[in-house]
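Written below as structure tokens is the structure these notes are about.
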Amino acid sequence: MTDTSSHLMQAYARQPVAFVRGSGASLWDADGVEYLDAMAGVAVTSLGHAHPDIAAAIAEQAGLLLHTSNLFRIDWQERLGERLCALAGMERAFFCNSGAEANEAALKLARLHARRARVAQPQVLVMDNGFHGRTLATLAATGNPAAQRGFEPLMPGFVRVPYDDIGAVRRAAAEAPDIVAVLVETVQGEGGVRAAGAAYLRELRALCDRHGWLLMADEVQTGMGRTGAWFGYRHAGVVPDVVTLAKGLGNGFPIGACLARGPAAALFSPGGHGSTFGGNPLACRVGCAVIDVMAREQLPQRAAVLGRRLLAALRAALHGHPDVLAIRGQGLMIGIELDHPCAGLVGRALEQQRLLITVTRGNTLRLLPPLICSEAQIDDIAARVARLLDIDQT
Ligand code: PMP
């Protein structure tokens, strides 16, 4: 369907609703109709809409200084780098404006790491159903042929294996000696809300150590408290060499970060990589304000508690539902896999339940509510999803 009246490129299939205002987990359209947000802009607005601390940080910084240049020291960038590294077990940060850009920085670190190791044709190990972005390099890393279609030739330098299968990684190591890094999501968000096992991540860490590969965790969707810990790898007790962040780091303000420790933290040299907007004072101040609120309100822990509550409520409400194959998740990242394509559910959820949800991999209803939801709102999400799926049966 092409909307011929629009001057926007048709890159998105959009719902016919526009929101004009938000507060917490609520959104309103121009007619004053209230909606319940169970997707948080795809794991972005974790603190909810119009959070007063974030609004105040933006307003104050906008009145002081928006932008200078990475030619100068930027104090808010130093501060955010220090705070993120302390939380993530990393040593240095590079700031950019999106998840894809953060992964581009990580992939460039892998190339520099290969050069240092004198590997001429370096390969990065990536996963089936992984998602890393839509720029040409991150699209090649992404394990979704539908997203790649039409954009060939894809950038070379990737070896793809099944997710959460350590045997496949061992076989790849034996067959492809030029692997220099692994890029992995701790929970595949776009890939159907699938969590890697803790044992898998630990064995992956051990294989990286044995072969001298960089372990690069794409925490763009899972990071900043979403899974019930500040970062998804914390559940497994492993520490990657490189971590990428975006989405929840800015609560809606565009920002991305690539963090690294050890030798990987020292690979970029002046002039070697850069971004005009990346790390500007406003974005970094927002990042610091997000961390302040998350730490004060213990939102990673709250995501764990609310996630368990939502999973239990969904399992109780949908028990025995003939279309439901699985209900799974980690923290407030929950998928309900159905036995049929369910793209139409997004529109029906809006229209009939005034509920914002997303669908991934065609048949998995995904819930990513703000971490500041009340218990009552979490129960309300479960009730609306149950009503939605009952209606869908008819
Ligand atoms: N990595 C992961 C795991 C993601 O889920 C996404 C976005 N869905 C990206 C990268 C890309 O982020 P962005 O859209 O900010 O480029």
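All ligand and atom numbering here is 1-based and tracks the order in the structure. The basis for the numbers below is simple: all heavy atoms, side chains too, and nothing from hydrogens, waters or symmetry mates.
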Close-contact set for ligand 1 against Asp218 heavy atoms, below 4.0 Å: 1 (N), 2 (C), 3 (C), 10 (C)

Side-chain donor-acceptor contact under 3.5 Å, Arg226 with Gln221: no

Ligand 1 contact on Ala246 by region, counting heavy-atom pairs under 4.0 Å: neither

Top protein contact for atom 5 (O) of ligand 1, by heavy-atom distance: Gln221 NE2, 2.8 Å

Is_contact(atom 15 (O) of ligand 1), protein non-hydrogen, under 4.0 Å: yes

Taking atom 8 (N) of ligand 1 as the reference point, the nearest protein heavy atom with its distance: Lys247 NZ, 3.1 Å

Numbering as shown, the atoms of ligand 1 that approach Asn103 to under 4.0 Å (heavy-atom distance): 1 (N), 10 (C)

Check: Asp37/His49 side-chain N/O donor and acceptor closer than 3.5 Å: yes

Ligand 1-proximal atoms of Glu190, by part, heavy-atom distance under 4.0 Å: side chain

Sub-4.0 Å atoms of ligand 1 with respect to non-hydrogen atoms of Ala100: 11 (C), 12 (O), 13 (P), 16 (O)

Glu185: numbered ligand 1 atoms lying under 4.0 Å from its heavy atoms: 3 (C)

Interfacing atoms of ligand 1 (cut-off 4.0 Å, heavy-atom, Ser98): 15 (O), 16 (O)

Distance from atom 12 (O) of ligand 1 to nearest protein heavy atom, with residue and atom: Gly99 CA, 3.4 Å

Under 3.5 Å side-chain donor-acceptor pair for Thr244 and Asn103: yes

Same apolar cluster: Val293 and Ile291, side chain cutoff 4.5 Å: yes

Donor-acceptor side-chain pairing of Ser26 and Ser23 below 3.5 angstrom: no

Reference residue Gln353; test side chain to side chain donor-acceptor pair (under 3.5 Å); the match among Arg384, Arg387, Arg348: Arg387

Donor-acceptor pair between Arg366 and Thr360 side chains, under 3.5 angstrom: no

Exercise: do Arg361 and Asn129 side chains pair donor with acceptor under 3.5 Å: yes

Residue and atom name of the nearest protein heavy atom (relative to atom 4 (C) of ligand 1), distance in Å to one decimal: Phe131 CD2, 3.7 Å

